[in-house]
Student: 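Structure incoming, see below.
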Amino acid sequence: MIDACIFDLDGVIVDTARYHYMAWKRLADHLEIPFSEEDNEALKGISRMASLEHLISLGEKTYSDIDKQKFCLTKNTWYVESIEEMSSENILPGVTRFLNELRENNIKIALGSASKNARRVLELIDLTSVFEVIVDGNDVINSKPDPEVFLKGAQMLGCAPSRCVVFEDSAKGIDAAVSGGFMSVGIGPEQHLGHADMTLSSFEEVTVSDIRSRLQSVTQATSTVAS
């Protein structure tokens with residue numbers, strides 16, 4: 001039933017959300033635009049430029065395309081500087097064990113992230129070798145909720161989307177998985193990710209067998225309703 005698993009990075013494998021928030025907040029303060037941690041939630045899973053456009057929409061100012069490119073570069077510079085302090089200690093609880101269990105079960109593993117810094121983060125936390133395929137913001141044109149990043153990952157793995165599980169912590173990421181025909185697991189609050197096939201608070205208490213069993217139940221229930 002499961003040939004491969006495709007993981008988002010931020011908020012699923014490692015918690016980089018606070019680094020992103022600090023960089024966006026710094027830029028917002030520079031532009032004199034109000035920006036809170038709640039506002040930052042809307043940026044999860046989308047591209048850097050889409051994130052900037054959302055931030056700008058919170059203010060009452062307009063900027064040229066050249067200015068926007070400069071703002072994105074500045075934010076990314078601040079973000080990259082901050083993540084250099086990361087290490088394997090930043091890997092979220094249960095993730096390493098779960099990834100190892102997937103490998104023991106001969107299930108392929110890919111990364112599907114909107115971040116253009118995904119490869120650097122994987123290097124810093126020493127997980128690059130775990131992923132057979134890495135697709136990030138440098139490899140795709142369309143950001144989530146478009147399923148391009150996941151479809152490309154499945155294609156590179158040689159697996160049908162219907163036999164791949166996407167792990168995501170953002171609503172837009174789950175939207176992308178659903179529209180691409182993938183099974184989906186939301187990592188985080190059910191109230192935000194309830195449209196996923198199943199949700200988990202973390203990887204700490206879950207096994208590959210649990211995932212298989214719960215997704216099989218969902219698939220059977222869906223098939224029964226459809227018939």
Side-chain angles (χ1 to χ4, degrees), residues 1-14 16 20 44-51 76 80 83 86 88 91-92 94-187 193 195-198 200 203 206 208 211-212 215-216 218-219:
M1 180 182 175
I2 301 175
D3 292 336
C5 290
I6 305 177
F7 295 83
D8 180 37
L9 178 65
D10 300 338
V12 176
I13 299 296
V14 65
T16 57
H20 281 295
K44 285 186 175 181
I46 63 176
S47 70
R48 192 181 304 158
M49 183 56 73
S51 295
N76 188 58
V80 170
I83 65 171
M86 294 180 69
S88 58
I91 299 172
L92 289 170
V95 168
T96 300
R97 177 199 54 77
F98 188 76
L99 291 173
N100 288 336
E101 190 178 350
L102 289 175
R103 297 173 78 178
E104 291 168 1
N105 282 268
N106 296 315
I107 296 174
K108 297 178 179 179
I109 306 172
L111 189 83
S113 172
S115 173
K116 292 187 176 182
N117 299 295
R119 287 175 170 83
R120 179 55 183 158
V121 171
L122 289 180
E123 289 175 3
L124 290 167
I125 63 175
D126 197 25
L127 278 186
T128 303
S129 62
V130 172
F131 295 90
E132 298 171 53
V133 164
I134 297 173
V135 184
D136 66 13
N138 297 295
D139 305 312
V140 296
I141 297 173
N142 303 301
S143 61
K144 304 165 189 175
D146 190 285
E148 181 184 5
V149 67
F150 298 138
L151 291 172
K152 187 165 185 176
Q155 181 182 36
M156 292 173 69
L157 288 172
C159 299
S162 61
R163 297 182 67 87
C164 297
V165 183
V166 166
F167 293 83
E168 261 285 355
D169 74 318
S170 71
K172 288 184 175 64
I174 296 298
D175 290 340
V178 172
S179 66
F182 296 86
M183 293 176 279
S184 58
V185 177
I187 308 298
L193 306 170
H195 53 313
D197 291 319
M198 62 178 285
L200 300 171
F203 288 97
V206 71
V208 172
I211 298 291
R212 280 176 167 155
L215 288 177
Q216 185 174 15
V218 171
T219 302

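Values below: every heavy atom of this structure, side chains too, minus hydrogens, waters and symmetry copies.
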Student: Side-chain contact, heavy-atom cut-off 4.5 Å: L9 with L122?
Tutor: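 Yes - at least one pair of side-chain heavy atoms lies under 4.5 Å apart.
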Student: At their closest point, which heavy atom of A4 faces which heavy atom of C159, and how far apart are they?
Tutor: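 In terms of heavy atoms, the two residues are closest at CB-SG, 3.9 Å.
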Student: Please assess D169 against D8 for the test side-chain contact (heavy atoms from CB on, under 4.5 Å), listing each intermediate value before the final yes or no.
Tutor: CA-CA 8 Å; D169 74 318; D8 180 37; 3.2 Å; yes
Student: Check whether any side-chain heavy atom of V133 sits under 4.5 Å from a side-chain heavy atom of K152, and report yes or no.
Tutor: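 The answer is no; the side chains never approach within 4.5 Å.
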Student: Heavy atoms, side chains only, cut-off 4.5 Å: are V121 and S115 in contact?
Tutor: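 Not in contact.
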Student: Is the backbone of S184 close enough, under 3.5 Å, to the side chain of D197 for a donor and an acceptor to pair up by distance?
Tutor: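 Yes, because the side chain of D197 sits within donor-acceptor range (under 3.5 Å) of the backbone of S184.
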Student: If the plane angle is over 60° it's perpendicular, under 30° parallel, otherwise tilted; pick one for F203 and F7.
Tutor: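 Rings of F203 and F7: tilted, 30 to 60°.
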Student: Considering non-hydrogen atoms only, spot the tightest contact between C164 and A154 and give its length.
Tutor: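 Taking every non-hydrogen atom into account, SG-CB, 4.1 Å.
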Student: May I ask you to check whether over 12 heavy atoms, not counting those of Q155, lie within 6.0 Å of atom CD?
Tutor: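 Atom CD in Q155 is not packed in, count stays at 12 or less.
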Student: Under 4.5 Å between any side-chain heavy atoms of L127 and I13, yes or no?
Tutor: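 They are in side-chain contact.
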Student: Within a strict 4.5 Å, meaning less than it, do heavy atoms of the F131 and I6 side chains meet?
Tutor: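 Counting from C-beta outward, F131 and I6 never come under 4.5 Å.
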Student: Ignoring hydrogens and geometry, is there a side-chain-to-backbone donor-acceptor pair from E168 to A177 under 3.5 Å?
Tutor: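 A pair under 3.5 Å: no.
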Student: For the backbone of D10 and the side chain of H20, can you confirm whether one donor and one acceptor N or O come within less than 3.5 Å of each other?
Tutor: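 Side chain of H20 to backbone of D10, a donor-acceptor pair under 3.5 Å: no, none is there.
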Student: Looking at K144 and D175, would you say the former's side chain and the latter's main chain have a donor-acceptor pair under 3.5 Å?
Tutor: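 Side chain of K144 to backbone of D175: no pair is present.
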Student: Does any N or O in the side chain of D126 come within less than 3.5 Å of the main-chain N or O of S88, such that one atom is a donor and the other an acceptor?
Tutor: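 No, because the side chain of D126 does not come within donor-acceptor range (under 3.5 Å) of the backbone of S88.
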Student: Could you give the distance from OG (S113) to CG (D139), rounded to the nearest 0.5 Å?
Tutor: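 Atom-to-atom, S113:OG and D139:CG are 10.0 Å apart.
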Student: Do I141 and E148 have side-chain heavy atoms sitting under 4.5 Å apart?
Tutor: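 Touching, per the 4.5 Å side-chain cut-off.
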Student: Apply the side-chain contact (heavy atoms from CB on, under 4.5 Å) test between T96 and each candidate in L99, L92, N100; give the one that qualifies.
Tutor: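 Checked L99, L92, N100 against T96; only one passes side-chain contact (heavy atoms from CB on, under 4.5 Å): N100.
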Student: Indicate the atoms forming the closest heavy-atom contact of C5 with L102, along with that distance.
Tutor: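 Reported closest heavy-atom pair: SG-CD2, 3.8 Å.
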Student: Kindly compute the distance separating CD1 (I2) from CD (Q216), expressed to the nearest 0.5 Å.
Tutor: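 If I round to the nearest 0.5 Å, the distance is 9.5 Å.
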Student: Verify salt bridge (Lys or Arg N to Asp or Glu O under 4.0 Å) between R97 and E101, making sure each step is shown before the conclusion.
Tutor: CA-CA 6 Å; R97 177 199 54 77; E101 190 178 350; 3.2 Å; yes
Student: Apply salt bridge (Lys or Arg N to Asp or Glu O under 4.0 Å) to the pair D136 and R119, showing each step before the final yes or no.
Tutor: CA-CA 8 Å; D136 66 13; R119 287 175 170 83; 2.6 Å; yes
Student: List the atom of G112, the atom of F150, and the distance in Å for their closest heavy-atom pair.
Tutor: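 That closest heavy-atom pairing would be O-CE2, 3.5 Å.
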Student: Might you work through the side-chain contact (heavy atoms from CB on, under 4.5 Å) test for V185 and L193, ending with a clear yes or no?
Tutor: CA-CA 9 Å; V185 177; L193 306 170; over 6 Å; no
Student: Test side-chain contact (heavy atoms from CB on, under 4.5 Å) on K44 and I46 and set out the steps.
Tutor: CA-CA 6 Å; K44 285 186 175 181; I46 63 176; over 6 Å; no
Student: Roughly how far, to the nearest 0.5 Å, is the CD1 atom of I83 from the CD atom of E123?
Tutor: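 Rounded to the nearest 0.5 Å, the CD-CD1 separation comes out at 10.0 Å.
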Student: Could you tell me whether F98 and F167 have their ring centroids closer than 6.0 angstrom?
Tutor: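 Yes, the ring centres sit under 6.0 Å apart.
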Student: Run the numbers on M1 and M183 for side-chain contact (heavy atoms from CB on, under 4.5 Å), then give the verdict.
Tutor: CA-CA 10 Å; M1 180 182 175; M183 293 176 279; 3.6 Å; yes
Student: What's the spacing between I134 CD1 and L111 CG if we round to 0.5 Å?
Tutor: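 If I round to the nearest 0.5 Å, the distance is 6.0 Å.
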Student: Checking K108 side chain against L157 main chain: does a donor-acceptor pair fall under 3.5 Å?
Tutor: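 At least one qualifying donor-acceptor pair exists.
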Student: Under a 3.5 Å distance rule, please check whether N105 uses its side chain to pair with a backbone N or O of I107 as donor and acceptor.
Tutor: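 No: the side chain of N105 does not pair with the backbone of I107.
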